[in-house]
Amino acid sequence: MTRISTLRLIAATPLAALLAACGGETTDAEAPEPAGDAPAEIAERQDNFEAIGDSFKAIREQLETDAPDFAVIEPAAADINTRLQRLPDLFPEGTSMEAGYDTEALAVIWEDPDGFSEAIQTAIAKSEEMMAAAATGDPEAVGAQVGNLGSNGCKACHDKFRKDDD
């Protein structure tokens, strides 16, 4: 196996898991009737998560090339970090799927606000590590940090605070 093929494998494995963990929210056909008009924050957070997914996709696409373009990777990594920092403002109380809204946000977000805040802060910290790796120009380092963010940031939060749609 060539070095590039190994890099692609290293980069692709955690990226696949990350994209599954950081994807946007989807419709739940069995949700109860909403308590009122959907707060704007629900659409904002869904858009935010979709943009995070787009940035991860841009990084993945670059890491799968023979010559990753860090002019794409670095801003995408920074975008993910910026968007993760917005999350605390995008989850006002009462906007869970249990309240009847088209979201996968579980009520446990507001039942365990400290745990939710800690999960977000962990994701932000892991995204900062990914940004630092991107600044080195080392595709292996970026791939490793993408996996780190996916496993310890996105997935860790989704496991507890997002409806499992599997």
Side-chain angles (χ1 to χ4, degrees), residues 10-60 73-135 141-166:
I10 290 169
T13 302
L15 287 171
L18 178 64
L19 287 173
C22 287
E25 298 179 36
T26 61
T27 302
D28 182 5
E30 297 179 16
E33 288 296 316
D37 291 338
E41 289 89 348
I42 292 175
E44 290 175 33
R45 71 186 180 218
Q46 291 172 343
D47 291 346
N48 198 53
F49 283 122
E50 286 182 22
I52 288 171
D54 291 344
S55 289
F56 275 115
K57 182 179 176 189
I59 292 171
R60 184 196 70 218
I73 292 173
E74 284 190 70
D79 181 65
I80 291 167
N81 177 266
T82 298
R83 291 182 180 283
L84 288 172
Q85 292 181 48
R86 294 180 186 156
L87 293 181
D89 295 331
L90 298 178
F91 287 87
E93 190 162 350
T95 60
S96 69
M97 63 179 291
E98 289 89 344
Y101 294 112
D102 182 17
T103 178
E104 294 178 350
L106 297 174
V108 70
I109 290 170
W110 299 276
E111 295 165 1
D112 181 13
D114 292 340
F116 186 61
S117 178
E118 183 179 328
I120 290 173
Q121 293 309 312
T122 297
I124 292 169
K126 300 303 177 191
S127 73
E128 289 170 352
E129 292 172 14
M130 185 174 67
M131 287 175 38
V142 173
Q145 290 306 319
V146 167
N148 185 25
L149 173 57
S151 298
N152 300 305
C154 299
K155 185 177 181 326
C157 189
H158 288 186
D159 284 350
K160 182 173 182 180
F161 301 105
R162 180 180 174 195
K163 178 184 175 248
D164 184 6
D165 55 357
D166 290 333

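In this text, all values refer to a predicted model and were calculated from it rather than measured experimentally.
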Shortest non-hydrogen contact from [X] toward [Y]:
X: Lys126; Y: Asn148; value: CD-ND2, 3.5 Å
X: Met130; Y: Val146; value: SD-CG2, 3.3 Å
X: Ala99; Y: Gly94; value: CB-O, 3.5 Å
X: Ser96; Y: Thr103; value: C-CG2, 3.5 Å
X: Leu149; Y: Leu84; value: CD1-CD1, 4.4 Å
X: Gln145; Y: Ala133; value: CG-CB, 3.7 Å

Roughly how far, to the nearest 0.5 Å, is [atom2] of [Y] from [atom1] of [X]?
X: Arg45; Y: Leu87; atom1: CZ; atom2: CG; value: 10.0 Å
X: Glu118; Y: Cys157; atom1: CD; atom2: SG; value: 10.5 Å
X: Asn48; Y: Ile80; atom1: CG; atom2: CD1; value: 11.0 Å
X: Phe91; Y: Ile42; atom1: CZ; atom2: CD1; value: 9.5 Å
X: Glu50; Y: Lys57; atom1: CD; atom2: NZ; value: 12.0 Å
X: Ile52; Y: Asn81; atom1: CD1; atom2: CG; value: 10.0 Å

- Message: Out of the candidates Arg162, Lys163, Lys155, only one should pair with Asp159 under the salt bridge (Lys or Arg N to Asp or Glu O under 4.0 Å) rule; please name it.
- Response: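 The salt bridge (Lys or Arg N to Asp or Glu O under 4.0 Å) with Asp159 is passed solely by Lys155 among Arg162, Lys163, Lys155.
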
- Message: Do Val108 and Glu111 have side chains that approach each other closer than 4.5 Å (heavy atoms only, starting at C-beta)?
- Response: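 Answer yes - side chains close enough.
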
- Item | Ser151 side-chain N/O to Gly147 backbone N/O, donor-acceptor pair under 3.5 Å |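 A pair under 3.5 Å: yes.
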
- Item | Side-chain (Gln46) to main-chain (Asp102) donor-acceptor, under 3.5 angstrom |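 Answer holds: yes.
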
- Query: Would Gln121 and Ile124 satisfy side chain to side chain contact (heavy atoms under 4.5 Å, CB included), going step by step from the backbone distance to the final call?
  - Reply: CA-CA 5 Å; Gln121 293 309 312; Ile124 292 169; 3.9 Å; yes

- Item | Pair listing, salt bridge (charged side-chain N to carboxylate O under 4.0 Å, His left out) test, anchored in residues 79-90, at least two apart |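 Matches after skipping sequence neighbours: Asp79-Arg83.
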
- Classify the ring geometry between Phe161 and Phe116 as parallel (under 30°), tilted (30 to 60°) or perpendicular (over 60°).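 Ring orientation, 0 to 90° scale: perpendicular.
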
